[in-house]
Amino acid sequence: MNWMTFRTDRTPRRLRAVSDLRFPAGGREHLRSRYPHLSEDDLVLVETATRQWFRLTARQSGAKLAMPSVVAGELWRELTLHTQDYAAFCDAAFGRLLPHEVASVTASAPLLATLSQGRRDEDCGPTGLPLLFRVDQELRVPDGNRYLADCGGRGECFPVANRVCLQHLGGPGKGPKPRGIRGDLPFNDGRHGYAGGAGGSGGGAEFGSDGGGGDGGGSN
Ligand SMILES: [Zn+2]
């Protein structure tokens, strides 16, 4: 079982490459010009989130993951422009070149895999939102993605405008419904804020959509 040993030894080395990564100054400049409202602390938070993304990828080089954050995706893209440095970093951290890709809502499985890996990475529990899923909202990124750990619906999704409900992303009724956990929800009374009841299609949350477009029907 030599290869097993080999595999397990590889991960710490890859994670070290991620923690040693120094973001180029151009990254912050790019973020500053695109999102002028971000403070220095905010920029550090974007780097932290981007590092989390790289950590997940370093651990899961085989699994398909998806970048959940717009602002971290921007910093990531900036990194890829430094072609040689980026290739060297990818080689050390992932053993392959990681192409820059933007998450798509039509592929919910990679996003959910990322969520589950992120929760493990951050140890934020089965209902928490890892930094990668929080950062756009926390930094009020105008074109960012807003996520909800759970809309509170049972068996079907209660759409909340401009929020992607992760509990029902994989389809209605997927996964056990945790009870009474609200403290870590970014929009913790979303269900009541959305007085209209359940929308038309369960699990049809849209990515950074404008206007939930729930067509009513159903009741609480
Ligand atoms: Zn939902």
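Nothing here was measured: the structure is a model prediction, and the numbers come from that model. What's counted below: heavy atoms across the whole structure, side chains too, no hydrogens, waters or symmetry copies.
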TODO: Check the pair Cys151, His168 against side-chain contact (heavy atoms from CB on, under 4.5 Å), reporting the backbone distance first and the verdict last.
DONE: CA-CA 8 Å; Cys151 65; His168 298 107; 3.3 Å; yes

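- Between atom OG1 of residue Thr80 and atom CD of residue Glu101 there is a gap of 11.5 Å, rounded to the nearest 0.5 Å.
- The shortest distance between side-chain heavy atoms of Val160 and Cys165 does not fall below 4.5 Å.
- By the rule that hydrophobic residues join a cluster once side-chain heavy atoms approach within less than 4.5 Å of another member, Leu98 and Leu15 end up as members of separate clusters.
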- [ ] Decide yes or no on side-chain contact (heavy atoms from CB on, under 4.5 Å) for Asp150 and Thr127, but give the supporting numbers first.
- [x] CA-CA 8 Å; Asp150 185 357; Thr127 57; over 6 Å; no

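- Leu21 and Val44 fall into different hydrophobic clusters, where Ile, Leu, Val, Met, Phe, Trp and Tyr residues are linked whenever their side-chain heavy atoms come under 4.5 Å apart, directly or through other members.
- Scanning both residues, Val70 and Asn145, for their nearest heavy atoms gives CG2-ND2, 3.7 Å.
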Open item on the list: Working note: Glu122 + Arg134, criterion salt bridge (Lys or Arg N to Asp or Glu O under 4.0 Å); need CA distance, chi angles, decisive distance, verdict.
Closed with: CA-CA 12 Å; Glu122 200 166 312; Arg134 294 193 319 264; 2.7 Å; yes

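- Applying the side chain to side chain contact (heavy atoms under 4.5 Å, CB included) test to Glu40 and every residue at least two apart in sequence or in another chain returns Arg28, Arg32, Leu43.
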Task: Working for salt bridge (Lys or Arg N to Asp or Glu O under 4.0 Å), residues Arg22 and Glu47 - done: CA-CA 10 Å; Arg22 297 189 58 183; Glu47 290 180 353; over 6 Å; no

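- Every residue meeting the salt bridge (charged side-chain N to carboxylate O under 4.0 Å, His left out) condition with Arg34, not counting sequence neighbours, appears here in chain and number order: Glu74, Asp143.
- Clustering ILVMFWY residues whenever any of their side-chain heavy atoms sit less than 4.5 angstrom apart, transitively, puts Leu97 in the very cluster that holds Leu79.
- Within the structure, the salt bridge (charged side-chain N to carboxylate O under 4.0 Å, His left out) test picks out no pair touching residues 83-93 (sequence neighbours left out).
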- [ ] For side-chain contact (heavy atoms from CB on, under 4.5 Å), just list the numbers for Gln117 and Thr57, CA-CA rounded to whole Å, side-chain angles, deciding distance to a tenth of an Å, and then say yes or no.
- [x] CA-CA 9 Å; Gln117 294 301 318; Thr57 309; over 6 Å; no

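- Crowding of Asp123 atom CG: a count of heavy atoms from other residues, nucleotides or ligands under 6.0 Å not exceeding 12.
- Partner of His100 under the ring-ring contact (aromatic ring centres under 6.0 Å, His included) criterion, chosen from Tyr86, Trp53, Trp76: Trp76.
- Between Phe94 and Phe54, the two ring planes are tilted [angle within 30° to 60°].
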